[in-house]
Amino acid sequence: MLHALTGCTAVGKTEWALRWAEERGAEIVSCDSLLFYRGMDIGTAKPTQAERRRVPHHLIDVCAVHEQMDVTRYVSLARQAIAEIRARGNKVLVTGGSGFYLKAFFAPVADDVEVGPELRAEVARLTLEQALVQLRELNPGGLGELDVANPRRVFRALERCLASGRTLMELKAEFAGRPSAFADHEVRLTRIEREPAELAARIEQRVRQMLADGLVAEVERLRAAGLMENPSAARAIGYREVIDRLDGRLRAEQLVGEIAKNTRALVKKQRTWFRTQLPPHRIVEAAALQSSSQLFAD
RNA sequence: GGCCAGAUAGCUCAGUUGGUAGAGCAGAGGACUGAAAAUCCUUGUGUCCCCGGUUCAAUUCCGGGUCUGGCCA
């Protein structure tokens, strides 16, 4: 049995996760795509050292900013961490707001087509149009639901076709039949929600606190450590705006507003994901929470 | 007080050589097979500041007014 707690950014799930885990001797497995990176602390609201002393955390600070993480690697690290925690006889609480990674606990999330670095580099040199031409040649039966306007999706689709020698339709059929990587566990999922107005206020407060805590200096350190080599991390909310500020594309007085605005957009996207991509799950209102026992119907 | 510029979508602005208007951003909705806090898609009727004039027709031209900014006193 795995317990998983999610909710959008700034909803306040961290403290509830800590309490639940602390009271049950559980260990936490993070499900947040940016917490993997060492040094991305303030802008990600990473659990502090003090919080990590309260409850053991896993899948935090597992790689350098310039390294590339992906779901497949996440899944294998998470499986390993969970096995170790179980071997100690402890409960597991998965917590985080990265919807795609969370989905891995319920559904297949990647196929196992190996794409070599040479092939990837070769595909990366193509324009979107060239990639589409090749894809259509390889897929006379059509491209299915592929989002042909999305370069990342198109390039990945082409890589998978070239690497496997199969069509998107064939790959899709096989993918749909795969089990979740955690099919051997029963997973209970709960999501914390909060009133939009209250959440917006918390976001603004949180952004101001991050800046007061030294977000700008953190970004400067990370840049020196190779942040810009990782497009996804460099585009993370809070980081991209500070980079824009440092490079003169944003004025100082715009910083809080921009970060808060983009965080609200993230929250909206998270909500759509939770609604449409996760299985039906328990929803609890943050304002109504008084005890960790309310989180899961045990 | 005088001169000049501006007044158009929540915001910043474009535009209509006169036939009632459109971008970016925000907002809303959505997609999601190895970057997911990423990436991508859909969605724009608003007294075109007010009053009057010219005209078949004015948001567009003309006159007056109001407000905002700048310059001069």
Side-chain angles (χ1 to χ4, degrees), chain A residues 6 8-11 30-37 40 42-46 63 65-77 96-104 107-117 119-120 123-124 128 143-161 163-164 166 168-178 180-181 196 200 203 206-207 210 227-243 250 254 257-278:
Chain A
T6 191
C8 53
T9 295
V11 82
S30 167
C31 184
D32 253 305
S33 64
L34 293 174
L35 300 194
F36 305 135
Y37 301 109
M40 293 184 81
I42 298 168
T44 60
K46 186 178 283 176
C63 65
V65 264
H66 56 81
E67 279 180 60
Q68 294 248 329
M69 265 301 294
D70 61 55
V71 229
T72 305
R73 196 169 156 204
Y74 172 75
V75 165
S76 89
L77 290 172
S98 289
F100 184 44
Y101 289 16
L102 198 57
K103 190 176 179 175
V109 102
D111 55 29
D112 53 5
V113 176
E114 288 286 343
V115 179
L119 177 57
R120 175 155 294 188
V123 168
L128 178 61
L143 304 182
E145 323 243 280
L146 180 69
D147 182 353
V148 295
N150 190 331
R152 283 192 185 177
R153 295 273 147 70
V154 171
F155 290 136
R156 283 229 41 88
L158 179 57
E159 285 170 5
R160 286 188 289 117
C161 285
S164 65
R166 310 177 65 187
L168 286 179
M169 296 307 208
E170 288 165 348
L171 288 168
K172 182 174 180 166
E174 187 208 30
F175 175 73
R178 304 189 97 210
S180 143
I203 287 170
R206 163 180 156 128
V207 172
M210 284 175 176
L227 175 66
M228 304 314 282
E229 293 164 42
N230 184 336
S232 205
R235 294 280 303 151
I237 291 160
Y239 295 88
R240 64 183 191 224
E241 297 85 355
V242 170
I243 289 166
L250 214 56
Q254 294 178 287
E258 282 296 304
I259 298 175
K261 181 188 83 186
N262 291 331
T263 305
R264 272 182 260 123
L266 164 65
V267 163
K268 179 172 150 50
K269 199 180 76 170
Q270 285 176 311
R271 270 205 264 266
T272 300
W273 184 278
F274 296 151
R275 265 205 304 266
T276 66
Q277 300 293 316
L278 297 179

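Numbers restart at 1 for each chain; the letters A, B, ... are given by sequence-line order, proteins then strands.
Under the Watson-Crick or G-U wobble criterion, with both distances below 3.5 Å, rC61(B) is paired with rG53(B). Summarising the base pairing, rC48(B) is matched to no nucleotide, lacking a Watson-Crick or G-U wobble pair whose two defining distances lie under 3.5 Å. The base-pairing partner of rC40(B), taking Watson-Crick or G-U wobble contacts with both distances under 3.5 Å, is rG30(B). Across all strands shown, rU12(B) is found opposite rA23(B) as a Watson-Crick or G-U wobble partner, with both distances under 3.5 Å. rU66(B) and rA7(B) make up a base pair, with Watson-Crick or G-U wobble contacts both under 3.5 Å.
For the C1' atoms, the distance from rU68(B) to rU12(B) is 16 Å, rounded to whole Å. Distance noted for atom C1' between rC32(B) and rA36(B): 9 Å (whole Å). For the C1' atoms, the distance from rA9(B) to rA26(B) is 11 Å, rounded to whole Å. For the C1' atoms, the distance from rC4(B) to rU20(B) is 30 Å, rounded to whole Å. Across the P atoms, rG19(B) and rG15(B) are found 15 Å apart, a figure rounded to whole Å. Look at the C1' atom in both rU59(B) and rG6(B): the space between them is 15 Å, to the nearest Å. rA14(B) and rC49(B) have their P atoms separated by 13 Å, given to the nearest Å. The P atoms of rU54(B) and rU60(B) are separated by 15 Å, rounded to the nearest whole Å.
Proximity of Ser33(A) to the phosphate of rA38(B): no side-chain N or O atom is located under 4.0 Å from OP1 or OP2. At rA36(B), one or more side-chain N or O atoms of Ser232(A) fall inside 4.0 Å of OP1 or OP2 (strictly under the cut-off). Phosphate contact (OP1/OP2 of rG29(B), side-chain N/O of Lys268(A), threshold under 4.0 Å): present. Contact between the side-chain N/O atoms of Arg235(A) and the OP1/OP2 oxygens of rA36(B) is not found at any separation under 4.0 Å. Under 4.0 angstrom from either OP1 or OP2 of rA37(B) there lies at least one side-chain N or O belonging to Ser98(A).
Comparing rA36(B), rG34(B), rU39(B) by their closest approach to the side chain of Asp70(A) singles out rG34(B). The Asn150(A) side chain lies nearest to rC40(B) when the options are rA31(B), rA36(B), rC40(B). The side chain of Ala149(A) has rC41(B) as its nearest neighbour among rC41(B), rG34(B), rU39(B).
Between the side chain of Tyr74(A) and the backbone N or O of Ser33(A) there is no donor-acceptor pair closer than 3.5 Å. When atom types are taken as modelled, the side chain of Lys103(A) and the backbone of Trp273(A) share no donor-acceptor pair closer than 3.5 angstrom.
Counting non-hydrogen atoms under 4.0 angstrom, Pro108(A) reaches nothing in the nucleic acid. Among the atoms of the strands shown, none is found under 4.0 Å from any heavy atom of Gly238(A). Using a 4.0 Å heavy-atom cutoff across all strands shown, Val75(A) reaches no nucleic acid atom at all. Gln277(A) comes within contact range of at least one nucleobase, with a heavy-atom separation under 4.0 Å. Among the atoms of the strands shown, only primed sugar atoms or phosphate atoms (P, OP1, OP2) are found under 4.0 Å from some heavy atom of Arg240(A). Counting any heavy atom pair closer than 4.0 Å across all strands shown, Thr276(A) reaches sugar-phosphate atoms only and no base atom. Base contact: Arg156(A) has a heavy atom under 4.0 Å from a base atom. No contact: Arg271(A) has no heavy atom under 4.0 Å from any strand.
Toward the 5' end of RNA chain B, the nearer of the two residues Leu35(A) and Leu171(A), judged by each one's closest nucleotide, is Leu171(A). If you find the closest nucleotide of RNA chain B to Lys261(A) and to Asp112(A), the one lying nearer the 5' end belongs to Lys261(A).
For Arg152(A) and rA36(B), a side-chain-to-base donor-acceptor distance below 3.5 Å is absent, hydrogens and geometry of angles not being considered. Between the side chain of Arg153(A) and the base of rA35(B), no donor-acceptor pair of N or O atoms lies under 3.5 Å. Judged by atom type and distance alone, Lys269(A) reaches the base of rA38(B) through a side-chain donor-acceptor pair under 3.5 Å.
The salt bridge (charged side-chain N to carboxylate O under 4.0 Å, His left out) with Asp111(A) is formed by just one residue from the set Arg156(A), Arg160(A), Arg178(A), Arg166(A); it is Arg160(A).
No aromatic stack links Trp273(A) and the base of rC32(B), using centre distance under 5.5 Å and interplanar angle under 30°.
Residues Leu102(A) and Leu278(A) meet the side-chain proximity criterion, which asks for heavy atoms closer than 4.5 Å.
Between Ala234(A) and Ile243(A), the shortest heavy-atom contact is O-CD1, 3.7 Å.
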With side chain to side chain contact (heavy atoms under 4.5 Å, CB included) as the test, would you mind laying out the steps for Tyr101(A) and Val109(A) before giving the verdict? CA-CA 8 Å; Tyr101(A) 289 16; Val109(A) 102; over 6 Å; no
Let's go through Val154(A) and Leu146(A) carefully: what are the C-alpha distance in whole Å and the side-chain angles of both, what is the deciding distance for side chain to side chain contact (heavy atoms under 4.5 Å, CB included) to 0.1 Å, and is it a yes or a no? CA-CA 7 Å; Val154(A) 171; Leu146(A) 180 69; 4.3 Å; yes
